[in-house]
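On a predicted model such as this, the values are computed, not experimentally measured, just so you know.
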Amino acid sequence: VFGLSSVAQVVLVRGDFGQHLSINLGFGIGVTLGIHAAGGISGAHLNAAITITHCILGNLPWRKLPAYLIGQFLGSFTAAATVFGLYYDALYDYTKGNFTVTGPTATASIFSTYPAPYVSLLGAFFTEFTAMVMLLLGILIIHDEKNNRALKGMQALLMGILVLGIGLGMGLHTGYTINPSWDLPPKWFQSGSPAASSVFYFRAGDHWWWVPLTAPILGSLAGVLIHKLFIDFHNQPIPKSGNEKGQTVVETS
């Protein structure tokens with residue numbers, strides 16, 4: 001809701017109430033609050049690509065995957081419906097009831113991502129792949145207990161800043177989807193809502209819709225591999241606290 005509404009506010013008033021930075025801040029704030037809300041309950045799995053990666057690595061049982069995906073997709077679908085209702089009047093005033101994916105009054109990009117007209121499908125895929133690699137590397141570094149991990153209680157804020165940084169540097173070509181969970185459900189919503197009149201959301205961008213589903217998963221796995229090869233294998237184990245068997249006990253004041 002934070003992210004999509006920030007996009008709506010920028011698009012519908014043509015930049016008079018925010019710019020690209022405000023969109024990135026909106027998504028960063030949303031991620032931070034989402035982690036605080038669900039972190040202690042479910043681990044805050046807000047991203048299907050990360051959840052699938054955990055299952056592939058054996059960190060999460062496959063039987064739990066459907067529950068996480070249903071929660072993620074339902075949340076994203078509800079967010080799209082909420083923002084559509086919130087900005088219903090502004091949407092119709094902006095488009096005169098003619099909702100389109102491209103053109104001077106396009107609104108599809110408010111709810112989900114589409115590549116820029118000049119970007120090839122391969123270029124869009126590489127952009128999403130690279131952005132997801134950086135997201136996974138950032139997550140692993142923030143939570144790396146064997147390395148210089150974040151201070152307790154700061155993880156959620158740093159995760160939001162991480163998403164902000166990705167948006168600031170890699171949002172030009174594709175809008176930095178980096179999450180199948182938030183891109184596909186809004187497309188379903190758009191296809192079944194009044195906004196779907198004469199709009200082909202799944203054909204736009206040379207059938208771009210499959211890229212946000214596959215590139216983040218592959219980028220997530222690549223990020224894990226890079227972290228393992230270049231950081232985790234070189235981490236020194238944390239010294240165990242307390243006294244090991246056979247060591248002399250020394251008291252200090």
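- Residues forming a ring-ring contact (aromatic ring centres under 6.0 Å, His included) with Phe73 (at least two apart in sequence, or on another chain): Trp188.
- Under the rule for a side-chain contact (heavy atoms from CB on, under 4.5 Å), the partners of Phe230 that lie at least two apart in sequence or sit in another chain are Ile226.
- No path of Ile, Leu, Val, Met, Phe, Trp and Tyr side chains, each step under 4.5 Å between heavy atoms, connects Val1 with Leu33, placing them in separate hydrophobic clusters.
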Taking it one step at a time, do Leu218 and Phe125 satisfy side chain to side chain contact (heavy atoms under 4.5 Å, CB included)? CA-CA 10 Å; Leu218 296 176; Phe125 187 95; 3.8 Å; yes

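- To the nearest 0.5 Å, the span separating CG on Leu136 from CD1 on Ile141 amounts to 10.5 Å.
- The closest side-chain heavy-atom distance from Thr177 to Met132 is not below 4.5 Å.
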Could you walk me through whether Ile110 and Leu12 pass side chain to side chain contact (heavy atoms under 4.5 Å, CB included), step by step? CA-CA 9 Å; Ile110 291 175; Leu12 296 178; 4.0 Å; yes

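- Formation of a donor-acceptor pair under 3.5 Å by the His143 side chain with backbone atoms of Gly138 is not found in this model.
- Ring planes of His54 and His45: tilted class, angle from 30 to 60°.
- Here Leu46 pairs with Ile35 under the side-chain contact (heavy atoms from CB on, under 4.5 Å) rule; sequence neighbours left out.
- Placement of Leu221 and Leu60 in two distinct hydrophobic clusters is found when ILVMFWY residues are connected by side-chain heavy-atom separations under 4.5 Å, directly or transitively.
- To the nearest 0.5 Å, atom OG1 of residue Thr174 and atom CZ of residue Phe129 are 14.0 Å apart.
- Summarising the local packing, CE of Met170 is surrounded by more than 12 heavy atoms from other residues, nucleotides or ligands at distances under 6.0 Å.
- Although no hydrogens or angles enter the test, the distance criterion places no donor-acceptor pair under 3.5 Å between the side chain of Thr130 and the main chain of Thr127.
- The hydrophobic cluster containing Leu25, built from Ile/Leu/Val/Met/Phe/Trp/Tyr side-chain heavy atoms closer than 4.5 Å, also comprises Leu21, Leu164, Leu168.
- Ring pair Phe111/Tyr87: centre-to-centre distance not below 6.0 Å.
- Judged purely by atom type and a 3.5 angstrom limit, Gln190 uses its side chain to pair as donor or acceptor with the backbone of Pro186.
- Residues in residues 73-83 take part in no salt bridge (charged side-chain N to carboxylate O under 4.0 Å, His left out) pair, two or more places apart or across chains.
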Could you go through the side chain to side chain contact (heavy atoms under 4.5 Å, CB included) check for Thr105 and Asn98 one step at a time? CA-CA 8 Å; Thr105 59; Asn98 183 28; 5.7 Å; no

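- In plain terms, the two heavy atoms of Ser5 and Leu86 that are nearest each other are CB-CD2, 4.5 Å.
- Residue-environment remark: CG (Asn148) stays at or below the threshold of 12 foreign heavy atoms within 6.0 Å.
- Closest of all the heavy-atom pairs between Ala106 and Tyr94 is O-CE2, 4.0 Å.
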Start with the C-alpha distance between Phe17 and Val10, add both sets of side-chain angles, then the distance that settles side chain to side chain contact (heavy atoms under 4.5 Å, CB included), and finish with yes or no. CA-CA 6 Å; Phe17 281 84; Val10 171; over 6 Å; no

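- Every pair tested for salt bridge (charged side-chain N to carboxylate O under 4.0 Å, His left out) that includes a residue from residues 26-40 fails, sequence neighbours excluded, so the list is empty.
- Under a hydrophobic-cluster definition in which Ile, Leu, Val, Met, Phe, Trp and Tyr are linked whenever side-chain heavy atoms come within less than 4.5 Å, directly or via other members, Leu140 and Leu229 are assigned to the same cluster.
- Pairing each heavy atom of Ala49 with each of Ser220, the nearest pair is O-OG, 3.8 Å.
- In terms of the side-chain contact (heavy atoms from CB on, under 4.5 Å) criterion, residue partners of Asp16 (sequence neighbours excluded) are, by chain and number, Val13.
- Phe27 meets the ring-ring contact (aromatic ring centres under 6.0 Å, His included) test with Trp182; sequence neighbours excluded.
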Ignoring hydrogens and angles, write down the donor-acceptor pairs under 3.5 Å from the side chains of residues 62-70, residues two or more places apart or on other chains.
residue : atom : partner : partner atom : Å
Trp62   : NE1  : Cys55   : O            : 3.4
Tyr68   : OH   : Ser42   : O            : 3.0

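- Shown here are the side chain to side chain donor-acceptor pair (under 3.5 Å) partners of Asp232, two or more places apart in sequence or in another chain: Lys146, Lys228.
- Met159 places none of its side-chain heavy atoms less than 4.5 Å from the side chain of Thr32.
- Listed for the Glu128 side chain is no donor-acceptor partner under 3.5 Å among the backbone atoms of Pro212.
- One distance of note links CD1 of Ile56 with CD1 of Ile217; it measures 7.0 Å at 0.5 Å rounding.
- Using a 4.5 Å cut-off between side-chain heavy atoms of Ile, Leu, Val, Met, Phe, Trp and Tyr, with links allowed through other members, Phe2 and Leu74 fall into different hydrophobic clusters.
- Atom CG of Leu151 sits about 12.0 Å away from atom CD1 of Ile142, to the nearest 0.5 Å.
- How far CG of Leu91 is from OG1 of Thr107: 6.0 Å, rounded to the nearest 0.5 Å.
- Of the residues listed (Thr113, Asn47, Val31), the one engaging Asn179 in a side chain to side chain contact (heavy atoms under 4.5 Å, CB included) is Asn47, and it is the only one.
- Follow the hydrophobic side-chain contacts under 4.5 Å out from Val163 and you reach Leu157 in the same cluster.
- Across all their heavy atoms, Ala131 and Ile178 have their closest contact at CB-CG2, 3.4 Å.
- Residue pairs meeting the side chain to side chain donor-acceptor pair (under 3.5 Å) criterion with at least one member in residues 72-84, sequence neighbours excluded, are Thr51-Gln72, Gln72-Ser181.
- Residue Tyr176 comes nearest to Ile23 through the heavy atom pair OH-O, 4.2 Å, listed as atom of the first residue, atom of the second, then distance.
- Rounding to the nearest 0.5 Å gives a distance of 12.0 Å between CD1 of Ile139 and CG of Leu158.
- Within the structure, salt bridge (charged side-chain N to carboxylate O under 4.0 Å, His left out) pairs that include any residue of residues 147-163 comprise Glu145-Arg149 (at least two apart or interchain).
- Gly34 approaches Ala44 most closely through the heavy-atom pair O-CB, 4.3 Å.
- A cation-pi geometry, defined here as NZ or CZ lying under 6.0 Å from the six-membered ring centre and within 45° of its normal, does not hold between Lys187 and Phe77.
- In this structure, the side chains of Ser6 and Ser22 stay at 4.5 Å or more apart for every pair of heavy atoms.
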